[in-house]
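Here's the structure, in structure tokens; my notes come after.
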Amino acid sequence: MDDRREDKLCAPLASQPGYFFSVSTGSFELVGAHEHNLVKCSDFEYTYRQPEDSTSLPEAVKEAFLKRVSKFSLKNVLKRNFPTLGSLNHYKINQDLPSDMVAGLTAGITMIPQGMAFATLATLPPIVGLYISLFASITYFLFGSARQLSWGCVAVLSIMIGNILDRYESKVQGSLGDDSSCGGVFSSDAATFTPTVPNVTYVSTNGIGLFDNTTTVTAFHHTPGAVSVDRKIEVAGAVTLISGIILAVLGKLGLGKVTSYMSDYLVTSFTVGVSVHVVSSQLKTVLGLDFPRQDGMFKLIKHWIAMLSNIQHTNLATVIISVLSMLIIYLVKRFVNEKYKAKLRIPVPVELFVVIALTVVTTFTELNKKFSVGVVEDIPVGVPKPRIPDLSLGAEYVTDGMMIIIVSFTQTVAMAKLIGLKYNYRVDSNQEMFACGMVSIVCSIFSGYISGASVSRSLVQDSAGGKTQVASLFAAGLVLLVIMVIGPYFYYLPKCVLAAIVIVNLRSVMLKFLTVPDLWRKSRTDTLIWIITCAATIILDADIGLLVGIVASLLLVLIQSQIATVCVLGQLPLSEKCSIWRSKDKYFGAKETDGIKVLEISSPIYFVNAEIISGMVYKLTGVNPLKKRKELSESSKRKPAETKDKECDDREESISLQNGEITSDNIDKKPEEQVQEGYREKSKTETDSKLLCDFARHDSTFDAVPFHSLVLDLSSVTYIDLMGVGAIEFLISEYKTVGITIYISNVHENCFNILHKSGFMNKHGNQVFLTIQAAIQQASRRE
């Protein structure tokens with residue numbers, strides 16, 4: 001900045017010789033402490049603030065549209081909607097392709113057993129998990145912006161989808177004989193069942209015998225809640241499709257910031273709570289027990305009661321297989337993959353090895369027949385035909401579906417930003433929301449449900465050297481190979497092995513319970529949200545727990561906004577020419593100025609806390625105008641000749657009665673209650689200037705108050721609404737009645753407009769200053 005520019009900036013304040021514009025700091029600085037060196041906020045703002053945009057709404061829309069049209073480029077549109085094109089544009093085949101191939105195959109090897117295991121959490125066949133792993137990986141390759149994420153089945157999302165399907169089964173159970181829910185007609189004695197819905201497979205009494213809609217079955221004893229696998233897949237697909245469409249639209253509308261309503265601690269605690277449900281549900285399979293799934297609130301408690309009631313039926317062979325599987329997987333992951341992570345480019349795929357080994361053992365030893373070990377059985381070959389699910393089946397569960405897909409998006413975008421920060425590339429949250437929606441849409445068409453980015457598999461893919469989204473294609477190719485060729489060979493895979501894989505993979509999540517004490521030391525508020533969300537998720541249910549956590553977070557924010565921070569400031573000298581203002585309670589040596597009280601308000605002033613802030617000002621200053629006027633009124637009545645003449649007494653009594661403030665009831669109330677009553681009863685009248693003159697004639701009036709001026713520092717107040725402005729005006733008028741003048745300093749630039757438009761600056765502009773020091777100089781002139 002040259003000298004001419006500096007002189008031009010200083011010109012409007014030439015009448016205030018105590019201020020100059022500093023080139024080094026880029027701001028106005030106060031030099032000297034002369035009486036005339038006062039810079040009023042209105043002078044500064046009206047001189048240097050840029051005028052607001054006065055463009056009307058139609059004109060603004062038109063300008064935005066023309067701007068978009070002028071900058072339209074098909075290339076930019078494709079890059080924005082298909083971020084993978086940007087990474088492929090700089091793709092180095094010789095360097096990146098080998099790394100992506102190794103990383104993709106590594107993630108795919110892990111994806112196969114996990115996908116099969118997690119699908120069972122949703123009460124769906126294991127092959128569904130492979131369908132999801134295939135199509136989610138391909139779709140995210142096209143639309144995702146994070147280069148190292150591995151998409152597929154996630155345990156938390158699977159158990160939440162399973163909750164929806166449980167509720168659907170309960171609905172079927174409650175409507176026997178209803179064609180729309182059961183897909184058939186029962187005879188009066190429930191001995192004959194005639195299917196009516198085409199292309200649907202039905203389940204018999206014990207869930208083993210299958211039959212289609214071409215046969216009327218006799219001697220059929222209906223099991224409440226017996227719903228075909230196809231129907232359950234269609235319900236899950238309908239929920240997924242509706243949720244995916246909504247999320248994709250929200251992403252294009254730029255609402256990717258929705259995750260700001262869900263803190264990291266809330267999501268973490270919710271995940272831990274759901275993991276408890278997941279582990280509990282898998283213990284049933286580990287023990288080889290068979291009892292109906294529980295649903296509704298307190299589901300986990302009912303599940304444990306049912307499991308302990310049937311504990312005597314535990315299958316020892318299943319327990320041995322499960323324990324052996326968990327032990328092998330844990331030891332290899334903990335003492336090989338984690339310990340030698342730096343040396344192993346590809347972690348040992350122990351899960352796949354265990355799956356293959358126990359499948360072979362069961363095949364040749366016939367454990368399923370000799371020891372009643374449950375196996376996966378038939379796995380269909382080939383990719384399912386695309387079909388649009390019946391949306392009416394999912395309409396009832398849209399809210400649940402949105403909660404599930406928001407959890408998926410929240411976890412995905414958090415992981416994506418973490419990886420993007422590591423490799424120095426930008427992750428667009430709106431595009432990630434759109435990609436998450438598109439993945440759900442595609443999966444729903446191919447017999448899948450809501451999926452997400454797996455933290456563990458993404459870390460595996462990253463550590464294996466993945467460079468771009470091309471790694472997802474190699475992972476999808478390996479899964480496709482299993483679906484098309486290898487799938488049927490998993491017929492004898494014990495289900496308890498899949499349960500063991502789920503439990504071991506949730507070990508790291510369950511260990512987050514140990515972080516609660518450390519979190520308590522750092523932030524008790526975040527810890528409270530963590531505990532409330534986790535407890536509600538465990539005790540009530542997953543979807544209810546998430547809702548409780550969000551509500552608790554919003555309530556805590558609301559409560560914190562009501563707990564306004566107001567403190568008394570003192571001047572703390574740093575050198576002979578420099579001093580700062582700090583809280584007297586927190587800093588040694590901070591001293592107040594005689595006759596002047598300085599308070600700092602460190603929170604927004606709006607309808608929630610306006611009255612509370614006023615009450616805190618009363619408390620910290622030690623002067624409550626309502627009480628002080630009562631004291632002066634009683635003093636004047638006892639000694640009218642010494643304090644006031646007859647006319648002044650009558651005028652004071654008249655005003656007091658009109659305002660309804662000087663009563664014994666008011667005096668006994670809390671400061672904030674007095675403020676509230678003062679708002680109601682004094683809003684229609686102004687304080688009589690003659691009464692103030694009479695007060696000012698007597699020194700005893702000012703002797704009754706410990707200071708003559710009050711400075712309110714608003715530097716930390718970033719938002720004021722109309723009720724907040726009213727609260728400040730109320731304080732000014734109230735303190736004026738007892739001879740105390742209020743000055744305002746350091747008005748934040750975001751708050752000046754509301755003060756100007758509300759007329760506050762017109763009434764009290766002479767009491768608003770740029771700095772505390774300027775306000776104190778003005779206040780000192782009263783002495």
Q | Reference residue Ser275; test side chain to side chain contact (heavy atoms under 4.5 Å, CB included); the match among Val502, Val509, Thr537 | A | Val509
**Q.** Donor-acceptor side-chain pairing of Gln469 and Ser87 below 3.5 angstrom
**A.** yes
Q) Are a donor atom and an acceptor atom from the side chains of Thr525 and Ser523 found within less than 3.5 Å of each other? A) no
Q: Quick one: pull up CD1 in Ile233 and OG in Ser447 and give me the separation to the nearest 0.5 Å.
A: 5.5 Å
Q) Taking the side chain as C-beta and beyond, is there a heavy-atom pair between Pro125 and Val229 under 4.5 Å? A) yes
**Q.** Distance in Å, Leu547 CG paired with Asp541 CG, rounded so as to fall on 0.5 Å steps
**A.** 11.5 Å
Q. Which residues satisfy the side-chain contact (heavy atoms from CB on, under 4.5 Å) test with Thr515, sequence neighbours excluded?
A. Lys512
Q | For the student: nearest non-hydrogen atoms of Lys467 and Gln148, plus distance | A | O-NE2, 3.3 Å
Q) After noting the C-alpha distance and the side-chain angles of Thr412 and Glu432, does the key distance pass the side-chain hydrogen bond (donor to acceptor under 3.5 Å, both in side chains) rule? A) CA-CA 8 Å; Thr412 299; Glu432 285 298 302; over 6 Å; no
Q: Kindly say whether Leu266 contributes a backbone atom to a donor-acceptor pair with the side chain of Ser269 at under 3.5 angstrom?
A: yes
Q.
Could you tell me if Arg147 sits above the aromatic ring of Tyr425, with its cationic atom closer than 6.0 Å to the ring centre and no more than 45 degrees from the axis?
A. yes
Q) Of the non-hydrogen atoms in Thr106 and Pro347, which two are nearest, and what is the gap between them? A) CG2-CD, 3.8 Å
Q.
For a quick test of reading the model, state the closest non-hydrogen atom pair linking Ser137 to Trp151 and the distance between them.
A. OG-O, 3.5 Å
**Q.** Heavy-atom pair of closest approach, residues Ile242 and Ala395
**A.** CD1-N, 4.1 Å
Q.
Donor-acceptor check, side chain of Thr120 to backbone of Ala117, threshold 3.5 angstrom: yes or no?
A. yes
**Q.** Student check: side-chain heavy atoms of Met402 and Ile246 closer than 4.5 Å
**A.** yes
Q.
In the structure I gave you, are the side-chain heavy atoms of Ser150 and Tyr140 within less than 4.5 Å of one another anywhere?
A. no
(Q) Checking Arg80 against Gln431: is there a side-chain donor and acceptor pair closer than 3.5 Å? (A) no
Q | Set of residues satisfying side-chain contact (heavy atoms from CB on, under 4.5 Å) with respect to Ser716, sequence neighbours excluded | A | Glu600, Ser602
Q: Could you go through the ring pair (Phe, Tyr, Trp, His ring centres under 6.0 Å) check for Phe446 and Phe135 one step at a time?
A: CA-CA 8 Å; Phe446 289 95; Phe135 292 103; 4.0 Å; yes
Q: Taking the side chain as every heavy atom from C-beta outward, state whether Val239 and Tyr449 have any atom pair closer than 4.5 Å.
A: no
Q. Ala552: what forms a side-chain contact (heavy atoms from CB on, under 4.5 Å) with it, not counting sequence neighbours?
A. Ile532
Q. Should Asn746 and Val717 be marked as a side chain to side chain contact (heavy atoms under 4.5 Å, CB included) after you check the CA-CA gap, both sets of side-chain angles, and the distance that decides it?
A. CA-CA 9 Å; Asn746 289 324; Val717 180; over 6 Å; no
**Q.** Exam field: side chain Ser99 to backbone Gly466, donor-acceptor pair closer than 3.5 Å
**A.** no
Q.
Is it the case that the side chains of Ser463 and Lys341 hold a donor-acceptor pair, with the cut-off being a distance below 3.5 Å and no angle test?
A. no
Q: Indicate whether any N or O donor in one side chain lies under 3.5 Å from an N or O acceptor in the other, for Ser145 and Asp428.
A: no
Q. Atom CG in Leu247, atom CD1 in Ile406: separation rounded to 0.5 Å?
A. 5.5 Å
Q.
Contact between Lys333 and Asn505 at the side-chain level, heavy atoms closer than 4.5 Å - yes or no?
A. yes
(Q) Quick one, Tyr131 and Pro384 - any side-chain contact, counting heavy atoms below 4.5 Å? (A) yes
(Q) Test your reading of the model: is there a side-chain donor-acceptor pair from Asn81 to the backbone of Phe143, 3.5 Å cut-off? (A) no
**Q.** CD1 on Ile529 to OG on Ser553, rounded to 0.5 Å
**A.** 3.5 Å
Q | CG on Leu134 to OG1 on Thr139, rounded to 0.5 Å | A | 8.5 Å
**Q.** Heavy-atom neighbours of Asp264 CG exceed 12 at 6.0 Å
**A.** no
Q. Any donor-acceptor pair under 3.5 Å linking the side chain of Asp390 with the backbone of Ser392?
A. yes
Q. Does the pair Lys232 and Leu124 meet the rule for a side chain to side chain contact (heavy atoms under 4.5 Å, CB included), with working shown?
A. CA-CA 8 Å; Lys232 291 170 69 175; Leu124 296 176; 3.9 Å; yes
(Q) Has Asp721 got a side-chain atom pairing as donor or acceptor with Gly724's backbone, closer than 3.5 angstrom? (A) yes
Q.
What verdict does the side-chain hydrogen bond (donor to acceptor under 3.5 Å, both in side chains) test give for Asp100 and Thr468, after you've listed the backbone C-alpha separation in whole Å, the side-chain angles of each residue and the deciding distance to 0.1 Å?
A. CA-CA 7 Å; Asp100 284 337; Thr468 66; 2.8 Å; yes
**Q.** Heavy-atom side-chain proximity of Phe118 to Val154 below 4.5 angstrom
**A.** no
Q. Which pairs with one or both residues in residues 400-411 pass side-chain hydrogen bond (donor to acceptor under 3.5 Å, both in side chains), sequence neighbours excluded?
A. Arg167-Asp400, Thr271-Gln411
Q: Heavy atoms only: give me the nearest Met484-Val381 pair and the separation to one decimal.
A: O-CG1, 3.1 Å
Q. Is there side-chain contact between Ile164 and Tyr168, with at least one heavy-atom pair below 4.5 Å?
A. no
Q. Can you list every pair that meets side-chain hydrogen bond (donor to acceptor under 3.5 Å, both in side chains) and has a residue in residues 433-444, with sequence neighbours left out?
A. none
Q: Show your working on salt bridge (charged side-chain N to carboxylate O under 4.0 Å, His left out) between Glu338 and Arg507 and close with a plain yes or no.
A: CA-CA 14 Å; Glu338 293 182 12; Arg507 178 182 64 93; 3.0 Å; yes
Q.
What verdict does the side chain to side chain contact (heavy atoms under 4.5 Å, CB included) test give for Thr533 and Thr268, after you've listed the backbone C-alpha separation in whole Å, the side-chain angles of each residue and the deciding distance to 0.1 Å?
A. CA-CA 9 Å; Thr533 305; Thr268 301; over 6 Å; no
Q: With side chain to side chain contact (heavy atoms under 4.5 Å, CB included) as the test, would you mind laying out the steps for Thr110 and Leu352 before giving the verdict?
A: CA-CA 7 Å; Thr110 309; Leu352 186 61; over 6 Å; no
Q: Answer yes or no: is there a donor N or O on one side and an acceptor on the other, between the side chain of Arg49 and the main chain of Phe44, under 3.5 Å?
A: no
Q) CD1 of Ile450 to CE of Met160: how many Å apart, nearest 0.5 Å? A) 8.5 Å
Q: Kindly say whether Leu85 contributes a backbone atom to a donor-acceptor pair with the side chain of Asn89 at under 3.5 angstrom?
A: no
Q.
More than 12 heavy atoms of other residues, nucleotides or ligands under 6.0 Å from CZ of Phe752: yes or no?
A. yes
Q | Closest heavy-atom pair and its distance - Leu157, Val407 | A | CD2-CG1, 4.1 Å
Q: Taking side-chain contact (heavy atoms from CB on, under 4.5 Å) as the test, write out the residues that go with Ile93, two or more places apart.
A: Tyr91, Leu97
